[in-house]
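This structure is in structure tokens; I'll ask about it shortly.
In what follows, every chain begins at residue 1, and chains take the letters A, B, ... in the order their sequences are listed. Heavy-atom basis, side chains included; hydrogens, waters and symmetry copies ignored. Because the structure is a prediction, the values reported are computed rather than measured.
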Amino acid sequence: QQQVKQSPQSLIVQKGGISIINCAYENTAFDYFPWYQQFPGKGPALLIAIRPDVSEKKEGRFTISFNKSAKQFSLHIMDSQPGDSATYFCAASMADSGAGSYQLTFGKGTKLSVIP
Amino acid sequence: NAGVTQTPKFQVLKTGQSMTLQCAQDMNHEYMSWYRQDPGMGLRLIHYSVGAGITDQGEVPNGYNVSRSTTEDFPLRLLSAAPSQTSVYFCASSRPLGSSYEQYFGPGTRLTVT
């Protein structure tokens, strides 16, 4: 049972455009939702994260939108740049749950290509 | 700080061989974990540890062993390699981030089993 579903698998965006990646989760006990960015040959790195007590979080050009009733969250990259070309993973975990707080359940990833 | 380091970067094994993937962190993080990454599958948790002497299984533990004798090191052992274990392996350590945790990933080990 895949607990975090991510779409699309791949995305091509023109430079300056908006990139949107969507995730849906099933486990209502999840309450911490990070996004990770991975460049080729590197390990994933935390990009931005949100707790469900807010509907939106913005850091620079990156915004997470969160819809608790729909159990969905999305990453928006504004003014996309070629340097944003990477694979993006959404994830979820249960904060405040002891060992469960550490365990991230990942989506399958979205390969973003930003073309000049 | 070197962060999370992994060795080797690349490894080719024959079916049935054993090996240990090394992972070390110098951030004094209590929590460490191992993931495997396969095309189209995302990252799947193999084993994790919440401190020295304490380990537990993740989503895909079969064929792998771990131990945690120190805070810094968390090696992953493949007992008898199989082609299905061909993958990229990532080690991670975590620090508290409010009431949840931020995971720091190593650069990965690309393993091929023939």
Q. Do B:Tyr48 and B:Tyr104 belong to the same hydrophobic cluster, where Ile, Leu, Val, Met, Phe, Trp and Tyr are linked whenever their side-chain heavy atoms lie under 4.5 Å apart, directly or via other members?
A. no
Q | Pairwise side-chain contact, A:Leu104 with B:Tyr35, heavy-atom cut-off 4.5 Å (strictly under) | A | yes
(Q) Report which part of B:Gln37 has an atom under 4.5 Å of a heavy atom belonging to chain A: side chain, backbone, both, or neither. (A)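 B:Gln37 touches chain A through side-chain heavy atoms alone.
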Q | Within one Ile-Leu-Val-Met-Phe-Trp-Tyr cluster: B:Met32 and B:Val4, side-chain cutoff 4.5 Å | A | no
Q: Begin with the C-alpha distance, continue with both residues' side-chain angles, and end with the deciding distance and a verdict on side-chain contact (heavy atoms from CB on, under 4.5 Å) for B:Gln103 and A:Tyr36.
A: CA-CA 10 Å; B:Gln103 296 213 19; A:Tyr36 281 78; 3.5 Å; yes
Q.
Quick check on B:Leu45 against chain A: is it the side chain, the backbone, both or neither that has a heavy atom closer than 4.5 Å?
A. side chain
Q. What residues form a salt bridge (charged side-chain N to carboxylate O under 4.0 Å, His left out) with B:Arg77, not counting sequence neighbours?
A.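 Once residues adjacent in sequence are excluded, B:Arg77 has no partner under the salt bridge (charged side-chain N to carboxylate O under 4.0 Å, His left out) criterion.
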Q | Verify same cluster id: A:Phe106, B:Val60 (apolar side-chain graph, 4.5 Å) | A | no
Q) Is the count of non-hydrogen atoms from other residues, nucleotides or ligands lying under 6.0 Å from A:Gln9 atom CD greater than 12? A)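 For A:Gln9, atom CD is not crowded (no more than 12 foreign heavy atoms under 6.0 Å).
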Q) How about residues 105-112 of chain B versus chain A: which residues have heavy atoms under 4.5 Å apart? A) B:Phe105, B:Gly106, B:Pro107
(Q) In this structure, would A:Tyr88 and A:Val4 fall into the same cluster of hydrophobic residues linked by side-chain contacts under 4.5 Å? (A)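 They do share one cluster, since a chain of ILVMFWY contacts under 4.5 Å joins A:Tyr88 to A:Val4.
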Q: Return yes when atom CD1 of A:Ile12 has more than 12 non-hydrogen atoms of other residues, nucleotides or ligands closer than 6.0 Å, and no otherwise.
A: no
Q. Should we count CE of A:Met78 as having more than 12 external heavy atoms under 6.0 Å?
A.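 Not buried by this count: 12 neighbours or fewer within 6.0 Å.
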Q. Heavy-atom distance under 4.5 Å to chain B: side chain of A:Pro44, backbone, both or neither?
A.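 Interface part for A:Pro44: both.
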